[in-house]
Undergrad: 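Attaching a single structure in structure tokens format; questions to follow.
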Protein chains: 2
Amino acid sequence: MERRAETRRALLDAAAELFATRGIDGASVDAIAEAAGRTSGAVYDHFGGKEGLLFCLLEGWVDDVTEAVAAQVAAAEGLDEQMAALWRNVTRPVTGDGRWIALEHELWRYASRRDEARERLALRYQRAWAGMDSEWASPDGTVGPALMGLLLGLDMMRRIDPSAISDCMAVEALRGVVLGLRRETTAAGETKQERR
Amino acid sequence: MERRAETRRALLDAAAELFATRGIDGASVDAIAEAAGRTSGAVYDHFGGKEGLLFCLLEGWVDDVTEAVAAQVAAAEGLDEQMAALWRNVTRPVTGDGRWIALEHELWRYASRRDEARERLALRYQRAWAGMDSEWASPDGTVGPALMGLLLGLDMMRRIDPSAISDCMAVEALRGVVLGLRRETTAAGETKQERR
DNA sequence: GTCTATATACCGATAGAC
DNA sequence: GTCTATCGGTATATAGAC
């Protein structure tokens with residue numbers, strides 16, 4: 001592999017790591033370059049700056065994770081196992097590293113305040129949602145956003161208080177969303193046992 | 001009201017506003033002081049620094065919102081209306097301002113990386129969860145974290161792509177979580193009986 | 001392509017006038 | 001109590017040597 005491609009990859013890896021652990025604001029260009037065994041000049045040469053590095057990360061690195069997760073879900077059988085596979089990739093990622101959810105949060109936060117980044121992230125989200133919607137038969141595209149939101153939200157609660165989110169309850173909650181939305185879309189009018 | 005209390009309140013208001021809109025890192029002490037009609041010295045005199053301001057905000061201002069939301073939910077009748085009330089406070093907050101969810105995300109992000117802030121936030125979360133758990137009869141405390149997570153997660157998706165989250169589907173997803181978790185606690189029988 | 005050196009700007013925090 | 005002035009540190013980004 002050429003030196004240039006090697007540097008590019010090292011910079012992207014280092015950026016993903018530092019953005020996830022220290023946050024996008026907390027990771028300086030110098031720190032990223034140093035972690036990649038280069039100096040800041042390399043970042044500006046390859047990506048034009050910090051934001052260029054971020055955009056590149058947004059469209060490349062994270063898509064790979066989405067794909068890997070989708071593959072694991074497709075391999076599982078039954079709704080419960082699929083939900084468990086989904087949640088497992090949040091708590092103990094088999095593929096890649098444990099940093100992808102943290103990076104996901106960082107990218108969201110950054111994009112939620114900048115129009116250009118927001119539009120790019122929206123496209124990526126839509127791809128991920130579409131995969132979920134087709135997997136769980138949600139013709140009007142409601143399951144995808146809800147599931148992805150719940151995954152991120154449960155992870156937020158877990159990061160603050162790990163004891164509050166057991167694997168079992170996470171799976172139950174995820175299943176509840178899928179079943180709840182599916183019942184709505186199929187208009188089956190199943191009995192919803194209201195208590196209280 | 002004395003000048004001192006007035007200044008304190010103005011600084012807290014300005015901090016909540018700027019932390020929510022620009023992010024905690026993006027809001028400088030000078031900017032906060034200026035927005036409050038004071039100078040940075042006032043911040044250090046009242047709160048000892050930026051972090052003191054943040055902690056004060058974490059334990060005071062946001063608790064009021066939690067309380068207000070709980071009151072609105074308690075006033076609603078039926079699960080659907082309760083979920084709608086919950087979601088309405090995310091999309092179109094009646095009490096306070098539209099910034100509280102953004103501030104919630106900022107506080108979470110800050111706390112997720114700092115132990116002391118994380119423990120303080122955990123206590124606040126636990127108070128909010130306990131209210132939800134007693135409201136929806138979740139003896140083992142699973143509904144609270146799941147609902148709060150889903151609310152925050154749905155808001156994340158909505159901020160990136162508003163068209164993906166309709167009010168109707170949000171309510172359906174929230175209801176799905178409550179029903180899903182409630183069924184688990186009663187069916188498994190591994191926990192206490194559901195109280196009504 | 002990658003480095004060193006540097007320009008420019010802003011940050012959090014402090015000291016002391018008033 | 002609140003102000004001005006300022007220190008020390010660090011950020012992004014650039015210019016030019018190699």
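Just so we're on the same page: letters track the sequence lines, and every chain starts at 1.
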Undergrad: Counting primed atoms plus P, OP1 and OP2 as sugar-phosphate and everything else as base, spell out the protein contacts along nucleotides 3-18 of chain D at 4.0 Å heavy-atom distance: B, S or - for each nucleotide, 5' to 3'.
TA: BB------SBBB----
Undergrad: Less than 4.0 angstrom from a charged side-chain N to a carboxylate O is my criterion; do Arg9(A) and Glu2(A) meet it?
TA: no
Undergrad: Would you say the side chains of Asp30(B) and Ser28(B) form a donor-acceptor pair under 3.5 Å?
TA: no
Undergrad: I'd like a table of donor-acceptor pairs (distance under 3.5 Å, sequence neighbours excluded) in which one partner is a side-chain atom from residues 41-50 of chain A, with atom names and distances.
TA:
from: Asp45(A); atom 1: OD2; to: Arg4(A); atom 2: NH1; distance (Å): 3.0
from: Lys50(A); atom 1: NZ; to: Ile24(A); atom 2: O; distance (Å): 2.8
from: Lys50(A); atom 1: NZ; to: Ala27(A); atom 2: O; distance (Å): 3.0

Undergrad: Would you tell me whether Glu77(A) and Gln82(A) have side-chain atoms, one donor and one acceptor, within less than 3.5 Å of each other?
TA: no
Undergrad: Specify the separation, in whole Å, of atom CD of Glu34(B) and atom C1' of dC10(C).
TA: 14 Å
Undergrad: Find the distance Phe47(B):CZ to dG12(C):P and express it as a whole number of Å.
TA: 15 Å
Undergrad: When you check the gap from the basic side-chain N to the acidic O, do Arg158(A) and Asp167(A) get nearer than 4.0 Å?
TA: no
